[in-house]
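To start, the structure under review is shown below, and the notes come after it.
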Amino acid sequence: MTISKWMHAGTALKVNARNYPDKLGCQDKEKSYTFKEWNERACRLASALRDMGVGQGERVAVMAYNRVEWLEIYAACAKGGQIAVPIMFRLAPPEFEYIINHAGCKAFVVEEPFVEGVDSVRSNLTSVPQENYIFLGAGAAPAGYRSYEAVMAMGSPTETEVVVDAADPWTIMYTSGTTGKPKGVVRTHESYLGQYLMSNISMGVLPTDKPMLVMPMCHVNSIYYSFCYTYVSAPVMVYNMVSFDPEDFLRTIADYKVTFISLVPTHYIMILSLPDEVKQKYDISCIRQVLVSSAPARRDLKLAILEYFKSAELWEAYGSTEVSLVTYLRPEDQFKKLGSIGKEVFGSDEIKLLDEDGNEVPDGQVGELYSRSPGIFKEYWREPEKTKTVFRGEWCTSGDMGRRDEEGYYYLVDRKANMIISGGENVYPSEVENVVGAHPAVKDVAVIGVPDQKWGETVTAMVILHEGHQPGDALAKEIIASCKGQIAGYKLPKSIHFLTEDEMPRTGTGKIMHRVLRERFGTWSDSL
């Protein structure tokens, strides 16, 4: 037997069930399972799916809010060789209809709140047999659905005899579609194993840790920071979330003694915006590591995180669904290298910054960031031409632009697609956002380019204000004035547009959708 025949999350869970049967394996705020219970339920589900005609290599779609069953489904697919296709719960029916059909899913697990939306397009989901809709929720299953627990009871609690190779696909994660139609990112067991080993070694994951998965379980971040803890026999908690409640989040940390969280900048902004008396009410000293990922964090935000989470190390991770983890900015570098995304993760090879012709750029200059590591994705599902566009041999890119300093630290400048060209000069929105965001009135900001006859594009900032600040021309001028001297004149915002929280378009994981802002405000021409 070779390593490729058994190293995956399903076998890691099996080993823990044998070695630590009574230890807490996974939980959410409603229920919990020991490693033995979790493993048996995963075996049952894998067996039941097979009996329903969903064989090895076939796709299982899941649409649900965060709950512990996600961990059962992922583990079941690992054991049975099925491929999980997680669906972002915020998608509209036509959007997830496209994903289900594109992936050719053979089963669909649907949580109760989404049944109506699924039923509205069910006749269009041609690949899913009518008997393979599975209802996840309390009470009896609606007409046309099998109950999740009834399906679970159909299966055998013994280990499957299916041989799952580490090179086999485990998930197809559809991108958020910030640059167009979502693409199905095929990730193998091997690529996740590479990710887990890189994280465990780099961050020093311990059996006594307890991560809480806050990002949607349909997002790659939660898979990254779930089973990597299972490999070292640490329990994993899923934060039940419909929408993020910052006070409830702090209460949950304190009640469940959570040691690790991974959040996007928007989550941290919401937490830090709570009144001081609320933030001081909860004992969060159990947290030993906090991580910022999925979107760039401004310098001022990092400093505020460190001030509040006093007992924790602060890490920043850079990566994507396609390339896995690429860099970590370690705790000891947070003050020394503010604004950097750090250096290569342990286990990664190296990073290349390339110009349009594929030549490496010297230190200090901006290039498109390519990397290679054991965590690189396999392909875009059924889209070979799009797969070719992100690879140069073994090297893969997510389309991000970066630079490296003389000490080998990398700085993420922006996504290539978001770059603004004003008067022939390249302007990277994240650089401007860092400066605008330092103004005390600014809670969050996104910078886009607006078409301009003279300059090609002008720099425009979309700003959300903290409570107590009123939008208006005077404040807009003040914000622009505060940027002068910190960035070049051609990078200064020529216009400020004030938005409410609801008006700022975001993906399901909280990333601001610059593409949508450009579509919505691309002809907005008021200036100061």
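Everything numeric in this text was worked out from a predicted model, so none of it was measured.
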Original post:
So, are Lys443 and Glu501 salt-bridged, with charged N and O less than 4.0 Å apart?
Top reply: yes
Subject >> Residue Lys29 excluded, over 12 heavy atoms near NZ under 6.0 Å >> reply: yes
**OP:** For Tyr192, check ring pair (Phe, Tyr, Trp, His ring centres under 6.0 Å) against everything at least two apart and list the hits.
**Re:** Trp170
Original post:
Distance-only, no hydrogens or angles: does the Glu190 side chain make a donor-acceptor pair with backbone N or O of Ala166 under 3.5 Å?
Top reply: no
Original post:
Any sub-3.5 Å donor-acceptor pair from Thr397's side-chain atoms to Leu369's backbone N or O?
Top reply: yes
**OP:** May I ask you to decide whether Glu161 forms a salt bridge with Arg50, counting only side-chain N to carboxylate O separations under 4.0 Å?
**Re:** no
**OP:** May I ask you to decide if Gly155's main-chain N or O and Arg44's side chain share a donor-acceptor pair within less than 3.5 Å?
**Re:** yes
**OP:** Return yes if some donor-acceptor pair links the side-chain N/O of Ser273 with the main-chain N/O of Met270 below 3.5 Å, else return no.
**Re:** no
Original post:
Passes side chain to side chain contact (heavy atoms under 4.5 Å, CB included), Val445 versus Val463? Steps please.
Top reply: CA-CA 5 Å; Val445 57; Val463 167; 3.9 Å; yes
**OP:** Would you kindly check if the NZ (Lys) or CZ (Arg) of Lys386 is within the cone defined by 45 degrees around the ring axis of Tyr380 and under 6.0 Å from the six-membered ring centre?
**Re:** no
Subject >> N/O donor-acceptor pair under 3.5 Å between Tyr74 side chain and Met217 backbone >> reply: yes
**OP:** Look only at the side chain of Arg59 and the backbone of Val85, and say whether a donor-acceptor pair between them is shorter than 3.5 Å.
**Re:** no
Original post:
Pairs in or reaching into residues 105-118: which pass side chain to side chain donor-acceptor pair (under 3.5 Å), with residues at least two apart or in two chains?
Top reply: Arg67-Glu111
**OP:** Considering non-hydrogen atoms only, spot the tightest contact between Leu71 and Ser226 and give its length.
**Re:** CD2-CB, 4.0 Å
Original post:
Are His102 and Tyr174 near enough that their ring centres are under 6.0 Å apart?
Top reply: yes
**OP:** List the atom of Phe227, the atom of Ala9, and the distance in Å for their closest heavy-atom pair.
**Re:** CD2-CB, 3.6 Å
Original post:
Of all heavy-atom pairs between Pro235 and Asp209, which one has the smallest distance, and what is that distance?
Top reply: CD-O, 3.4 Å
**OP:** Output, in order, the C-alpha distance, side-chain angles, deciding distance and verdict of side chain to side chain contact (heavy atoms under 4.5 Å, CB included) for Asp444 and Arg506.
**Re:** CA-CA 12 Å; Asp444 209 353; Arg506 300 182 189 273; 3.0 Å; yes
Original post:
Can we call the ring centroids of Phe377 and Phe391 under 6.0 Å apart?
Top reply: yes
Subject >> Cation-aromatic face contact Arg122/Tyr145, 6.0 Å, 45 degrees >> reply: yes
Subject >> Short side-chain to backbone donor-acceptor contact, Thr171 and Ala84, under 3.5 Å >> reply: no
Subject >> Asp168 versus Val163, closest heavy-atom pair with distance >> reply: OD2-O, 4.4 Å
**OP:** Without swapping roles, check the side chain of Gln289 against the backbone of Met203 for a donor-acceptor pair under 3.5 Å.
**Re:** yes
**OP:** Give a yes or no on this: more than 12 heavy atoms of other residues, nucleotides or ligands lie within 6.0 Å of atom CD of Glu131.
**Re:** yes
Subject >> Lys/Arg-Asp/Glu bridge criterion (N-O < 4.0 Å) met for Arg41, Glu149 >> reply: yes
Subject >> Those residues that, when tested against Phe260, pass ring pair (Phe, Tyr, Trp, His ring centres under 6.0 Å) (two or more places apart) >> reply: Tyr225, Tyr229
Original post:
Any donor-acceptor pair under 3.5 Å linking the side chain of Thr175 with the backbone of Lys183?
Top reply: yes
**OP:** Give me the ring orientation class for His267 and Phe244: parallel if the planes are under 30° apart, tilted from 30 to 60°, perpendicular past 60°.
**Re:** tilted
